[in-house]
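Below: the structure, in structure tokens.
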Amino acid sequence: MNKIVKIALIVIGLIAAVLWFSLPSADDPDAINSGSMNFMFIIMYLLLAIAVVASVFFGLKKLLSTPGSLKKSLFAIGGLAIVVAISYGLSSDNMAVVEAMSQRGVETTESTVKNIGMGLNVFFILTLVAVLLMVLPGLKKMFVK
């Protein structure tokens, strides 16, 4: 199986190299419609799909094969859901922001402003948790001996 994967990667690499050298120049206005460009995008999407399917498959296989990992994953997803719910509650749907954005030519709604605030709050809370999880063990190690 390993030899087949290596041979497939070599073939894909050679095809990509041939396509690379057959690309039109940057000055060509019709370069975006080039056949070699389109085929390179097809190869890219194919490789991306293979990578996504393999990642999801082997991740789920590992998750379901270890008894404790499923419970830990559900706790992590539940914790993330709690953080998102708290962030949504903390975010505001300020009409002043909506009016300021519409004056600049960007049409928004109150729910869009609330969702953006929620995303920022999620980022700040998770950053705070990450920093605390890095700092607290170091402080504990320094003071407890």
Asn115 vs Tyr88, side-chain contact (heavy atoms from CB on, under 4.5 Å): CA-CA, chis, key distance, verdict: CA-CA 7 Å; Asn115 287 338; Tyr88 189 78; 3.8 Å; yes

Stepwise side-chain contact (heavy atoms from CB on, under 4.5 Å) test for Lys6 and Asn2: CA-CA 6 Å; Lys6 283 184 182 180; Asn2 197 13; 4.2 Å; yes

Set of residues satisfying side-chain contact (heavy atoms from CB on, under 4.5 Å) with respect to Leu63, sequence neighbours excluded: Leu60, Ser69, Leu70, Ser73

Phe124 side chain reached by Leu128 side chain, heavy atoms, under 4.5 Å: no

Qualifying residue, where the test is side chain to side chain contact (heavy atoms under 4.5 Å, CB included) with Leu126 and the options are Leu80, Val131, Asn121: Leu80

Atom pair [atom1] ([X]) and [atom2] ([Y]), whose distance is rounded to the nearest 0.5 Å:
{"X": "Leu120", "Y": "Leu90", "atom1": "CG", "atom2": "CG", "value": "12.5 Å"}
{"X": "Ile7", "Y": "Ile12", "atom1": "CD1", "atom2": "CD1", "value": "12.0 Å"}
{"X": "Lys61", "Y": "Phe57", "atom1": "NZ", "atom2": "CZ", "value": "5.5 Å"}
{"X": "Met118", "Y": "Ile125", "atom1": "CE", "atom2": "CD1", "value": "11.0 Å"}
{"X": "Met40", "Y": "Asn38", "atom1": "CE", "atom2": "CG", "value": "11.0 Å"}

Shortest non-hydrogen contact between Ser91 and Gly117, atoms and distance: CB-C, 3.7 Å

Residue pair Ile43 / Leu19: nearest heavy atoms and the distance that separates them: CD1-CD1, 3.9 Å

In one Ile/Leu/Val/Met/Phe/Trp/Tyr side-chain cluster, 4.5 Å: [X], [Y]:
{"X": "Trp20", "Y": "Phe41", "value": "yes"}
{"X": "Ile116", "Y": "Val84", "value": "no"}
{"X": "Ile4", "Y": "Ile50", "value": "no"}
{"X": "Phe21", "Y": "Val11", "value": "yes"}

Remaining members of hydrophobic cluster (4.5 Å side-chain criterion), Val53: none

